[in-house]
Structure formats: C-alpha cells, structure tokens
Amino acid sequence: MTFLTVLLVALLIYAGYVVKLNHDLLVNKDLLLRGLAGVDALIIKKNLKILDILGYAQETMQKEATLINELFNIRHDINKITPKIANAPQRYEMQKDFDRKIDLLLEAVSRYPELKNNAGFQSSLREFAQMQQVFEEKVNFYNTVVDKLNWLIHTFPSSVLAQMSHTKEPPPRYEK
C-alpha cells in the first residue's frame with residue numbers, strides 16, 4: 001500500500017512538472033511574439049526618425065551623397081519586408097547592415113560644423129540616440145526569450161511537449 005501511495009505521489013509530481021513545462025513553453029512562445037513585435041515596432045520608429053537625420057545630412061554632406069542614397073534605398077527595402085516571424089532573419093540582416101551604415105554616417109557628422117550647430121539636426125540625433133537605447137533593451141529581451149525557447153525546445157522532457165504541440169524553432173537571435 002505504501003508503494004502505491006509513493007508511486008501515486010511521484011506520478012502527481014511528474015504530471016505537475018509536465019504541466020509547468022507546457023505552461024513555460026506557451027508563455028515563452030507568447031513572449032517571443034511580443035519581443036519580435038517590440039523589435040519590429042522600434043525598427044519602424046528608428047527608420048522613421050532616421051529620415052530627419054538623412055534629410056539634414058542630404059542638404060549638407062555632399063561627400064557622403066552615395067552613402068546617403070544607399071541608406072534611403074536600404075530603408076525602403078527594409079520597409080517592403082513584412083514584419084513576420086518567417087521574414088525576421090532577412091529583415092534583421094538588412095537592418096544590421098542599415099545600422100552599420102548609419103554609424104558610418106554619424107561618424108562623418110563631425111566633419112561638418114554646420115550640422116553641429118543645427119538645432120533641428122542635434123534634436124533629431126538625441127531622439128535617435130534615445131530610440132537606439134530602447135531598441136537595445138527590446139533586442140536584449142527578445143534574445144533572452146529566444147534563448148529560453150530554444151532551451152525548452154531542445155531539452156527533455158519539454159522537447160517532447162514542443163514536438164507534440166508542433167512548436168517551431170524561433171527566429172535567430174538579433175546579433176548586433
């Protein structure tokens with residue numbers, strides 16, 4: 001009788017553990033979607049704010065005209081990609097290239113004293129820097145959720161639950 005009681009308690013504990021793993025899997029899938037939406041929303045906001053900076057730069061920075069035109073084109077191409085999980089790797093790769101080129105443009109600003117003295121340009125730069133900080137926080141949240149979901153998908157026994165619920169691999173981490 002004692003053996004049956006111990007076995008029953010062990011089965012109940014294991015069933016509770018499996019229910020908790022399933023809950024964790026569902027919560028992390030939801031958090032992944034929220035993180036992805038947050039990153040995408042900030043990409044859209046950042047790319048809108050960069051239009052102000054590019055507008056000021058286009059008027060003043062003749063030596064970087066090719067870079068500025070390339071940035072306008074990349075921004076346009078990024079906006080054509082629908083923010084969906086399936087498109088995340090392509091969209092984020094383009095965004096990383098865009099961000100690298102924005103950094104090049106912002107480094108070149110120091111060579112233009114008229115931009116340093118332009119209050120509108122400086123205000124746009126500050127707003128962009130604030131947005132960049134929020135973006136970094138959203139990316140860190142997203143990457144944490146991707147790591148947790150990957151761990152749940154690839155470790156036993158939650159991997160069995162993930163297979164049973166047809167949980168797909170999350171998009172890759174957003175590497176800066």
Side-chain angles (χ1 to χ4, degrees), residues 3-54 71 73-106 124-176:
F3 175 73
L4 287 177
T5 306
V6 170
L7 183 62
L8 184 61
V9 169
L11 285 174
L12 286 174
I13 290 172
Y14 185 72
Y17 178 66
V18 169
V19 167
K20 185 199 178 312
L21 286 177
N22 190 45
H23 177 265
D24 291 348
L25 190 62
L26 293 173
V27 165
N28 281 298
K29 284 169 50 176
D30 183 55
L31 289 175
L32 175 76
L33 293 174
R34 289 173 191 249
L36 193 65
V39 169
D40 282 337
L42 275 164
I43 283 174
I44 291 167
K45 286 181 182 179
K46 269 180 41 174
N47 290 349
L48 277 173
K49 180 47 65 185
I50 205 67
L51 281 178
D52 293 342
I53 294 170
L54 289 175
L71 285 166
N73 291 333
I74 293 171
R75 183 190 170 282
H76 177 73
D77 291 343
I78 290 170
N79 287 342
K80 287 194 303 188
I81 300 171
T82 309
K84 292 200 269 186
I85 290 177
N87 299 337
Q90 178 190 14
R91 184 175 168 86
Y92 293 168
E93 276 304 312
M94 289 180 78
Q95 185 65 39
K96 287 185 265 187
D97 183 43
F98 183 72
D99 288 342
R100 281 190 292 272
K101 290 182 180 181
I102 289 294
D103 290 342
L104 291 174
L105 180 74
L106 295 178
S124 292
L125 279 180
R126 279 190 300 279
E127 290 173 21
F128 183 75
Q130 290 170 346
M131 230 177 258
Q132 186 66 22
Q133 184 178 4
V134 173
F135 179 73
E136 296 291 327
E137 292 168 6
K138 293 285 186 186
V139 166
N140 288 337
F141 173 78
Y142 167 78
N143 284 341
T144 301
V145 172
V146 167
D147 291 342
K148 285 180 183 177
L149 191 56
N150 272 326
W151 184 82
L152 284 169
I153 289 173
H154 297 291
T155 57
F156 182 81
S158 58
S159 61
V160 175
L161 293 171
Q163 286 177 343
M164 288 172 44
S165 65
H166 304 290
T167 302
K168 297 178 184 174
E169 288 281 329
R173 291 171 49 88
Y174 188 97
E175 301 298 335
K176 302 161 200 163

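In this structure the side chain of I85 reaches within 4.5 angstrom of the side chain of L33, judged on heavy atoms. For the pair P83/L36, no side-chain contact is recorded, criterion being any heavy-atom separation below 4.5 Å from C-beta on. Residues F98 and N47 meet the side-chain proximity criterion, which asks for heavy atoms closer than 4.5 Å. A heavy-atom distance below 4.5 Å is not found between the side chains of S158 and L25. Two residues are said to be in side-chain contact when any heavy atoms from C-beta on lie closer than 4.5 Å; L42 and K45 meet this criterion. Counting heavy atoms from C-beta outward, L8 and L4 have side chains that stay 4.5 Å or more apart. Between R173 and N150, the closest side-chain pair of non-hydrogen atoms is not below 4.5 Å. No side-chain heavy atom of I50 sits under 4.5 Å from any side-chain heavy atom of L71.
The CZ atom of R100 sits 10.5 Å away from atom CD of Q95, with the distance rounded to the nearest 0.5 Å. Between atom CG of residue L152 and atom CG of residue L161 there is a gap of 9.5 Å, rounded to the nearest 0.5 Å.
Between S159 and H154, the shortest heavy-atom distance links the atoms CB-C, 4.2 Å. Considering every non-hydrogen atom in both L31 and V145, the closest pair reads C-CG1, 3.7 Å. K168 approaches I153 most closely through the heavy-atom pair O-CD1, 3.5 Å.
Between the side chain of R91 and the backbone N or O of T82, no donor-acceptor pair lies under 3.5 Å.
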Which pairs would a plain distance check flag for residues 15-22, meaning a side-chain donor or acceptor within less than 3.5 Å of a matching protein atom at least two apart in sequence or in another chain?
{"from": "K20", "atom 1": "NZ", "to": "D24", "atom 2": "OD1", "distance (Å)": "3.3"}
{"from": "K20", "atom 1": "NZ", "to": "D24", "atom 2": "OD2", "distance (Å)": "2.6"}

Just list the side-chain donor-acceptor pairs under 3.5 Å for residues 136-143, sequence neighbours left out, or say none.
{"from": "E136", "atom 1": "OE1", "to": "K176", "atom 2": "NZ", "distance (Å)": "3.3"}
{"from": "E136", "atom 1": "OE2", "to": "Q132", "atom 2": "NE2", "distance (Å)": "3.1"}
{"from": "N140", "atom 1": "OD1", "to": "K176", "atom 2": "NZ", "distance (Å)": "2.8"}
{"from": "N140", "atom 1": "ND2", "to": "E136", "atom 2": "O", "distance (Å)": "3.3"}
{"from": "Y142", "atom 1": "OH", "to": "P172", "atom 2": "O", "distance (Å)": "3.0"}
{"from": "N143", "atom 1": "OD1", "to": "Y174", "atom 2": "N", "distance (Å)": "2.7"}
{"from": "N143", "atom 1": "ND2", "to": "Y174", "atom 2": "O", "distance (Å)": "3.0"}

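No more than 12 heavy-atom neighbours from other residues, nucleotides or ligands sit within 6.0 angstrom of NZ on K148. More than 12 heavy atoms of other residues, nucleotides or ligands lie within 6.0 Å of CD in E175, so this atom counts as buried by the packing criterion.
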key: Verdict with reasoning, K80 to D77, per salt bridge (charged side-chain N to carboxylate O under 4.0 Å, His left out)   = CA-CA 5 Å; K80 287 194 303 188; D77 291 343; 3.7 Å; yes
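No option in D97, D40, N87 other than D40 meets the side-chain hydrogen bond (donor to acceptor under 3.5 Å, both in side chains) test with Y92.
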